[in-house]
Protein chains: 2
Amino acid sequence: MRTIALITQGCCPPLMKTPIDEAEAERLAGAFKLLGDPGRLRLLSLIAAHPGGEACVCELTEPLGLSQPTVSHHLKLLHQAGLLEREKRSTWVYYKVDPATLKTVRDALAI
Amino acid sequence: MRTIALITQGCCPPLMKTPIDEAEAERLAGAFKLLGDPGRLRLLSLIAAHPGGEACVCELTEPLGLSQPTVSHHLKLLHQAGLLEREKRSTWVYYKVDPATLKTVRDALAI
DNA sequence: TCTGAACATCGATCGCTGTCAATATAGGTC
DNA sequence: GACCTATATTGACAGCGATCGATGTTCAGA
């Protein structure tokens with residue numbers, strides 16, 4: 001799946017106000033494509049609901065029921081899109097949801 | 001692409017409040033998968049921004065640059081998910097965005 | 001009833017992506 | 001250094017879905 005730069009470039013104007021052009025549609029669709037996978041949605045949900053609003057990979061693999069490489073792959077995509085912040089602490093890597101990016105996506109659907 | 005019943009079944013609890021289960025993730029991901037295609041996003045945008053908030057298929061094919069069967073296919077998916085209302089008037093079929101369903105999807109991303 | 005227009009369905013193709021096993025990398029501990 | 005743990009990368013495969021041409025269906029008008 002292609003990487004999407006979400007926050008930069010003044011993404012994303014409200015869909016419903018005025019017709020978006022093809023480039024904007026491509027970028028916004030990239031964001032929704034990320035949200036269009038049950039595993040990634042559950043990852044976001046697990047991380048957001050985790051104590052402290054953050055979780056490391058080892059805390060996510062088992063409840064998700066997916067292999068470690070797959071989880072790592074999904075986390076990378078979500079991070080590249082700006083939906084997850086990433087912080088390495090010694091051996092562990094902690095992820096937390098970036099509310100601003102999430103809001104950007106949500107606002108694109110405003111009536 | 002599988003059909004998603006969006007409004008019915010009390011869909012969709014906010015992702016970020018509490019961990020969603022696999023069934024909810026599957027359903028919600030289905031909705032975002034629909035939004036994860038540039039053509040469908042532009043369809044929604046074109047229809048919403050069209051005078052009267054509605055448009056028939058013949059007004060959408062050309063600005064989208066996709067074949068009529070493809071446009072018809074996308075419209076069917078969006079309609080099945082409840083994102084578009086469909087009304088047949090003699091030879092023409094008019095589609096309009098359903099704001100309630102859109103809000104349902106948007107609210108799932110609430111912080 | 002014939003014709004043309006608008007829309008839907010079918011069948012086939014082809015690129016994309018979610019998945020995992022295997023392997024690599026990096027950090028901690030002894 | 002040797003070993004273990006946590007995470008990332010790689011390579012390969014299988015299934016899905018976006019697309020289009022061809023065809024079907026429905027409706028209005030002559």
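Computed from a predicted model, the values in this text were never measured in an experiment. Chain identifiers are assigned alphabetically (A, B, ...) following the order of the sequence lines, protein sequences preceding nucleic acid strands; residue numbering begins at 1 within each chain.
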Query raised in the report: In whole angstrom, what separates B/L35's CG from D/dA18's P?
Result: 12 Å
Query raised in the report: Quick one: which of C/dG27, D/dA6, D/dC27 gets closest to the side chain of A/S90?
Result: C/dG27
Requested in this report: For B/T70, report the nucleic acid contact type (base, sugar-phosphate, nothing); a contact means any heavy atom under 4.0 Å.
Outcome: base
Requested in this report: Could you tell me whether the side chain of B/Q80 and the main chain of B/L77 form a donor-acceptor pair under 3.5 Å?
Outcome: no
Requested in this report: Whole angstrom is fine here: how far is it from NE2 in B/H73 over to P in D/dC20?
Outcome: 11 Å
Query raised in the report: For DNA chain C, whose closest nucleotide is more 5', that of A/Q68 or that of A/T91?
Result: A/Q68
Query - Gap between atoms OH and P, on A/Y95 and D/dT7 respectively (whole Å) - result: 9 Å
Report summary line: note: A/L60, atom CG; D/dA8, atom C1'; distance rounded to Å ~ 15 Å
Query raised in the report: Does the A/T61 side chain pair with the main chain of A/S67, one donor and one acceptor, at a distance under 3.5 Å?
Result: no
Query raised in the report: For the pair made of CG in A/L66 and P in D/dA8, what is the distance, rounded to whole Å?
Result: 15 Å
**Report entry** Selection from D/dC27, C/dT9, C/dT17 that lies nearest to any side-chain heavy atom of A/M1
**Finding:** C/dT17
Report task. Have a look at B/H74 and say if it touches a base, only the backbone sugar-phosphate, or nothing, with a 4.0 Å heavy-atom cut-off. Result -> sugar-phosphate
Requested in this report: Only one of A/T101, A/D98, A/L83 passes side chain to side chain contact (heavy atoms under 4.5 Å, CB included) with A/L78; say which it is.
Outcome: A/L83
Requested in this report: Tell me what B/Y94 touches on the nucleic acid: a base, only sugar-phosphate, or nothing, going by heavy atoms under 4.0 Å.
Outcome: nothing
Query raised in the report: Nearest-Å distance, CG (B/L78) to C1' (C/dA8)?
Result: 15 Å
Query raised in the report: Between C/dC16 atom P and A/L34 atom CG, what is the distance in whole Å?
Result: 16 Å
Query raised in the report: With under 30° as parallel and over 60° as perpendicular, where do the rings of A/F32 and B/F32 fit, or are they tilted in between?
Result: parallel
Report task. Using the closest heavy atom to pick a nucleotide of DNA chain D for each, name whichever of A/K76 or B/G36 lands nearer the 5' end. Result -> A/K76
Query raised in the report: Under 4.0 angstrom, heavy atoms only, what part of the nucleic acid is A/R86 near: base, sugar-phosphate, or nothing?
Result: sugar-phosphate
Query raised in the report: Between B/R89 and D/dC27, is there a side-chain N or O to OP1/OP2 distance below 4.0 Å?
Result: no
Report summary line: The nucleotide from D/dA6, D/dG17, C/dT9 with an atom nearest the side chain of A/W92 is D/dA6
Requested in this report: Specify the separation, in whole Å, of atom CG of B/L41 and atom C1' of D/dA18.
Outcome: 14 Å
Query - Under 3.5 Å donor-acceptor, A/K96 side chain and A/R86 backbone - result: no
Query - Candidates C/dG27, D/dT7, D/dA18 - which lies nearest the side chain of A/S72 - result: D/dT7
Report summary line: Nearest-nucleotide check on DNA chain C, A/V71 vs B/V57; residue mapping nearer the 5' end is B/V57
